[in-house]
Structure formats: C-alpha cells, structure tokens
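Note sheet for the following structure.
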Amino acid sequence: VEIYTDTATAYYAMGDDLRAETQARRGLALAPKDTDLQLVLSWTLLRKGTVGDVREAEALFTKLQRTDDFRATLGLAQAQEQLGKAWDQAARAVERGEQEGGERPAERVAEQERQARDAWTRAEKTYLRTLEMHAGDEDAMNGLQRVTALLGRLEESVDWSRRLLE
C-alpha cells in the first residue's frame with residue numbers, strides 16, 4: 001500500500017492527475033480505509049474539476065471529516081465552492097438559452113441560483129471550520145475571500161483579502 005501512496009502522491013505533485021488517480025484507486029482496492037490514499041484521491045478528483053469528479057471528491061472529503069485532518073476539511077470547502085460555481089454556471093447557461101430550461105426556465109434559474117448560494121454558504125462554514133482547526137491557513141482565507149464575494153458580501157471579502165496581506 002505504501003508504494004501506491006508514494007506514487008499517487010508523487011504523480012499528484014507533478015500534476016499527472018490520471019496516474020495519481022489510478023495509483024490511489026489501486027491502493028484503495030487493497031486498503032479501502034487508508035486515509036492518505038483517500039486524501040490524495042480526493043484532491044486529485046477536485047483538481048480534475050468535472051462536476052462528477054467534484055461530487056465524488058465532496059463525498060470522500062465528507063467521509064474524511066471523522067479524521068479531524070484540516071486538509072480534508074479544506075478540501076470539502078473547496079469542493080462545496082466548486083459545486084456552487086457549477087450551479088451558478090448552469091443558471092447562466094439557461095438564462096442565455098444555451099441550456100434547456102424546461103417549461104419554466106425562470107423557476108429553474110432561481111432554483112439553480114439557490115443551490116449555488118446554499119453550496120457557497122456551506123463552503124463558508126467549512127472554510128471557517130478549517131481555520132478553527134488550522135489557524136491562519138491561507139488557502140482557507142482565500143476561500144473565504146472568494147465565497148463571501150460570490151455571496152455578494154463584498155466588504156467581508158475585502159476584509160479577508162486584508163487579513164491575507166497582513
């Protein structure tokens with residue numbers, strides 16, 4: 001299992017997501033509860049960035065919350081933020097007529113916008129939890145800067161930017 005962990009981690013560091021994912025999945029086939037392999041697979045899926053990959057990463061990061069590892073909490077927040085962006089992009093596509101809106105496109109857009117806000121609100125709470133676990137984490141503060149802006153709370157977003165510069 002250690003060789004799979006080492007190679008998956010190395011491939012992830014090199015940006016070779018396909019190989020990192022393959023090695024992590026092979027290792028998890030042997031040791032399904034291995035936290036390090038679950039983390040590298042989760043981060044790899046998150047970086048791949050398709051909606052399906054991000055959903056799988058969110059599920060894995062959610063299971064990893066029992067570990068009290070701030071990296072799993074940070075990853076969950078980033079997955080929630082990305083899923084919010086996906087909902088928002090879907091709403092914009094319906095508005096532009098690029099995606100089918102059904103019989104009631106305005107209602108579909110409103111529902112997708114609600115889903116986006118809900119995801120960003122969850123992400124905000126999860127980023128804050130990350131900071132409780134790992135004070136001063138720059139990635140969490142960057143995330144808070146982004147999601148507060150996405151939620152339309154621009155003053156708070158600027159405050160997080162200032163904290164990052166301090």
Side-chain angles (χ1 to χ4, degrees), residues 5 8-9 11-13 15-18 20-21 23-25 27-28 31-94 108-166:
T5 304
T9 302
Y11 284 132
Y12 178 81
D16 191 339
D17 293 336
L18 179 60
E21 179 182 359
Q23 292 300 303
R25 288 192 191 281
L28 286 168
K33 295 183 180 183
D34 187 284
T35 304
D36 291 330
L37 284 167
Q38 289 175 1
L39 274 171
V40 74
L41 176 59
S42 300
W43 281 103
T44 301
L45 292 168
L46 186 63
R47 186 164 64 190
K48 284 175 65 182
T50 68
V51 172
D53 287 331
V54 175
R55 284 185 190 277
E56 185 179 355
E58 179 189 37
L60 289 167
F61 283 130
T62 298
K63 288 179 187 174
L64 287 166
Q65 294 308 292
R66 62 180 157 58
T67 67
D68 291 327
D69 186 329
F70 83 93
R71 297 171 301 170
T73 305
L74 176 64
L76 178 59
Q78 289 184 2
Q80 292 164 333
E81 178 184 351
Q82 283 189 29
L83 289 171
K85 289 178 183 177
W87 281 112
D88 186 63
Q89 289 171 354
R92 302 294 74 81
V94 171
R108 182 166 181 190
V109 167
E111 174 59 18
Q112 290 170 324
E113 289 172 339
R114 186 192 63 74
Q115 293 278 4
R117 283 190 310 275
D118 289 351
W120 292 329
T121 299
R122 286 191 307 277
E124 179 183 20
K125 290 175 183 172
T126 309
Y127 280 128
L128 289 169
R129 195 165 66 245
T130 302
L131 285 177
E132 290 171 7
M133 299 168 78
H134 194 246
D137 188 275
E138 291 181 5
D139 291 323
M141 288 191 283
N142 268 315
L144 284 161
Q145 179 268 326
R146 289 188 306 272
V147 295
T148 52
L150 289 165
L151 289 166
R153 299 187 342 242
L154 300 182
E155 286 299 319
E156 284 180 63
S157 178
V158 170
D159 287 343
W160 283 111
S161 296
R162 284 189 187 110
R163 290 182 199 184
L164 279 163
L165 295 173
E166 293 173 353

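All of these numbers come straight from a predicted model, not from anything done at the bench. When reading the values below, keep in mind they use all heavy atoms of this one structure, side chains included, and skip hydrogens, waters and symmetry mates.
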Original post:
For the atom pair CG (L144) and CG (D159), what is the distance rounded to the nearest 0.5 Å?
Top reply: 11.5 Å

**OP:** Would you mind reporting whether F70 and E132 have side-chain heavy atoms less than 4.5 Å apart?
**Re:** no

Original post:
For the atom pair CD (E124) and OG1 (T148), what is the distance rounded to the nearest 0.5 Å?
Top reply: 6.5 Å

Subject >> Residue pair E138 / L164: nearest heavy atoms and the distance that separates them >> reply: O-CD2, 3.7 Å

**OP:** Evaluate the ring planes of F61 and W43, with Trp represented by its six-membered ring, and classify them as parallel (under 30°), tilted (30 to 60°) or perpendicular (over 60°).
**Re:** perpendicular

Subject >> Trace of the side chain to side chain contact (heavy atoms under 4.5 Å, CB included) decision for T5 with V40 >> reply: CA-CA 8 Å; T5 304; V40 74; 6.0 Å; no

Original post:
Could you give the distance from NZ (K125) to CG (L128), rounded to the nearest 0.5 Å?
Top reply: 10.0 Å

Original post:
Where do V54 and L46 land on the side chain to side chain contact (heavy atoms under 4.5 Å, CB included) test, with the steps shown first?
Top reply: CA-CA 5 Å; V54 175; L46 186 63; 4.2 Å; yes

Original post:
At what distance, to the nearest 0.5 angstrom, does CG of L76 lie from CG of L60?
Top reply: 11.0 Å

Original post:
Hey, mind stepping through M133 and L74 against side chain to side chain contact (heavy atoms under 4.5 Å, CB included) and telling me if it holds?
Top reply: CA-CA 10 Å; M133 299 168 78; L74 176 64; over 6 Å; no

**OP:** Show the numbers, then the answer: is there a salt bridge (Lys or Arg N to Asp or Glu O under 4.0 Å) between E166 and R162?
**Re:** CA-CA 6 Å; E166 293 173 353; R162 284 189 187 110; over 6 Å; no

Original post:
Taking it one step at a time, do R47 and Y12 satisfy side chain to side chain contact (heavy atoms under 4.5 Å, CB included)?
Top reply: CA-CA 9 Å; R47 186 164 64 190; Y12 178 81; 3.3 Å; yes

Original post:
In terms of side-chain geometry, is the basic nitrogen of E56 or K48 positioned less than 4.0 Å from the acidic oxygen of its partner?
Top reply: no

Subject >> Contact summary for D17 and T44, nearest pair of heavy atoms >> reply: O-CG2, 3.3 Å

Original post:
Hey, does the Lys NZ or Arg CZ of R163 hover above the aromatic six-ring of W160, less than 6.0 Å from the centre and inside 45° of the axis?
Top reply: yes

Original post:
Would you call R92-D88 a salt bridge at under 4.0 Å N-O?
Top reply: yes

**OP:** Without swapping roles, check the side chain of D53 against the backbone of G49 for a donor-acceptor pair under 3.5 Å.
**Re:** no

**OP:** Tell me, with the steps shown, if E111 and R108 meet salt bridge (Lys or Arg N to Asp or Glu O under 4.0 Å).
**Re:** CA-CA 5 Å; E111 174 59 18; R108 182 166 181 190; over 6 Å; no

**OP:** Drop me the distance from L150's CG to R117's CZ, to the nearest 0.5 angstrom.
**Re:** 12.0 Å

**OP:** Return the minimal non-hydrogen interatomic distance between A119 and Q80, and the atom names on each side.
**Re:** CB-O, 3.5 Å

Subject >> Heavy-atom closest pair, residues D137 and H134 >> reply: OD2-ND1, 3.0 Å

Original post:
Which heavy atom in D139 sits nearest to a heavy atom in Q78, and how many Å separate them?
Top reply: CB-NE2, 4.4 Å

**OP:** Compare every heavy atom of E81 with every heavy atom of A123, then report the nearest pair and how far apart it is.
**Re:** CB-N, 3.7 Å

Subject >> Interatomic spacing from OG in S161 to CZ in R146 - rounded to 0.5 Å >> reply: 10.5 Å

Original post:
Any side-chain heavy atom of D69 within less than 4.5 Å of one from L64?
Top reply: no

